[in-house]
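See below for the structure under consideration.
Every value quoted in this text rests on a predicted model; they were computed, and no experiment measured them. Scope of the values below: all heavy atoms of this structure, side chains included, with no hydrogens, waters or symmetry mates. By convention in this document, chain letters (A, B, ...) are assigned in the order of the sequence lines, proteins followed by strands, and residues within each chain are numbered from 1.
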Amino acid sequence: MEESDSGFKYLIGRNAGKSAVISAFIATHVATMAGLWFDGARLPKFDFNNLNGYLVLGLGYGFANPAINFAIGGIIHYTSGIIWGVIFALIFHPAIGRFVKPLRALTPINNYVKGVIWGVVLWIISSAFWMPLLIGPLLGPFLTAPPPSGLGAPCGVGPFLSCFAFYGIQANLTNLLWHTIYGVNLGLLFSPTLVSGSRSTWRSSAGVGVR
Amino acid sequence: METKAPLVAAGVLLVGLVLLALGAVIEPPRPQISQNGESLIALGLTFIIFGVGFFLAWANPTQ
């Protein structure tokens, strides 16, 4: 626990920006590793590193160079995870505290609930836009094409991730699980609380802006 | 609200455990997959993680 001179204390770091970056990195890593392990729990494997790699490098290059695809995609994926975490910490976290009265007080439980809500928001963005609009057109033809040129799956990427290759709605629910893991870790780790005796409010002194 | 929240989280945790167990029971052996089984496993794990996370936040010594 580190205290800053702004009237707030953080589990990690001395200011909101540093705490957000480190918390988001940890949350991204935990969720990413969990996604790679989902197969062990009989769930669709979520490999966002490779999916991001295919997006920027193309399927042909990605299939031919899997290690490079994984590494480049991983850098992009982790960067995205950290940026979403910073947006949460510096914009969403103070804003939702202003609009939703029960979440205004800076308690660990409120901070945690905000993280879970942020995870659900990202799940909706991922399922409604990222997966069907970006991954669908890219991977869909390969997934549905008959072998040997494709996998012969009944589905590419359905609307709101209602299906993915051989998987049905469980793909969407597993995406919810992935983003819940991210949101839970982010909410637990980015947890600003008031230093006792401080009169500061989260909105006025630690809102939008990295100090 | 403050006293009821842990009870609600415990309920969510229990629901998660039940869904996970149910999903594990109806999930067929590999390589077959069951949409219902995997959906229940995913939902069950989601509820469990939410419940466990709540108790970790609730037990935070900085509160």
Side-chain angles (χ1 to χ4, degrees), chain A residues 1-3 8-11 27 30-31 34 37-44 46 102 105-117 119-120 123 162-163 165-189 191-196, chain B:
Chain A
M1 176 62 59
E2 298 183 59
E3 289 185 17
F8 301 99
K9 52 187 177 181
Y10 301 91
L11 286 176
V30 172
W37 297 336
F38 279 168
D39 187 47
R42 302 299 307 269
L43 295 174
F46 266 65
L106 286 178
T107 64
I109 290 177
N110 282 357
N111 295 335
Y112 167 71
V113 171
K114 289 176 186 177
V116 172
I117 294 171
V120 172
W123 164 64
S162 51
C163 61
F166 298 99
Y167 296 104
I169 195 64
Q170 67 265 47
N172 185 294
L173 295 173
T174 308
N175 200 25
L176 172 63
L177 171 62
W178 193 100
H179 286 90
T180 299
I181 294 172
Y182 175 83
V184 161
N185 280 285
L186 188 61
L188 286 174
L189 291 170
S191 187
T193 49
L194 285 173
V195 176
S196 49
Chain B
M1 175 66 188
E2 282 292 312
T3 51
K4 280 184 182 173
L7 289 175
V8 172
V12 170
L13 186 64
L14 187 63
V15 169
L17 287 169
V18 171
L19 291 179
L20 178 63
L22 200 60
V25 167
I26 66 174
E27 180 71 7
R30 290 180 194 269
Q32 290 175 295
I33 58 174
S34 155
Q35 177 169 307
N36 292 338
E38 294 189 354
S39 296
L40 288 175
I41 291 172
L43 266 182
L45 288 173
T46 301
F47 285 157
I48 288 171
I49 287 167
F50 176 77
V52 170
F54 178 88
F55 282 110
L56 291 175
W58 183 61
N60 192 312
T62 61
Q63 193 163 215

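The two residues B/Ser39 and A/Ile169 make their nearest non-hydrogen contact at OG-CG2, 3.5 Å. The shortest heavy-atom contact between A/Pro44 and B/Glu38 is CD-OE1, 4.0 Å. The heavy-atom pair separating A/Pro108 from B/Ala57 by the smallest distance is CB-O, 3.5 Å.
Here the CZ atom belonging to B/Phe50 is positioned 14.5 Å from the CD1 atom belonging to A/Ile181, to the nearest 0.5 angstrom. Here CG of B/Leu56 is found 9.5 Å from CG of A/Asn185. Values are rounded to the nearest 0.5 Å.
Each of B/Ile41, B/Ile33, B/Leu40 was evaluated against A/Gln170; a single residue qualifies, B/Ile33, per the side chain to side chain contact (heavy atoms under 4.5 Å, CB included) test.
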ask   = Going through the checks in order, is the side-chain contact (heavy atoms from CB on, under 4.5 Å) test met by A/Leu173 and B/Thr46?
value = CA-CA 9 Å; A/Leu173 295 173; B/Thr46 301; over 6 Å; no
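Distance alone, capped at 3.5 Å, is enough to place a donor-acceptor pair between the A/Arg42 side chain and the B/Pro28 backbone.
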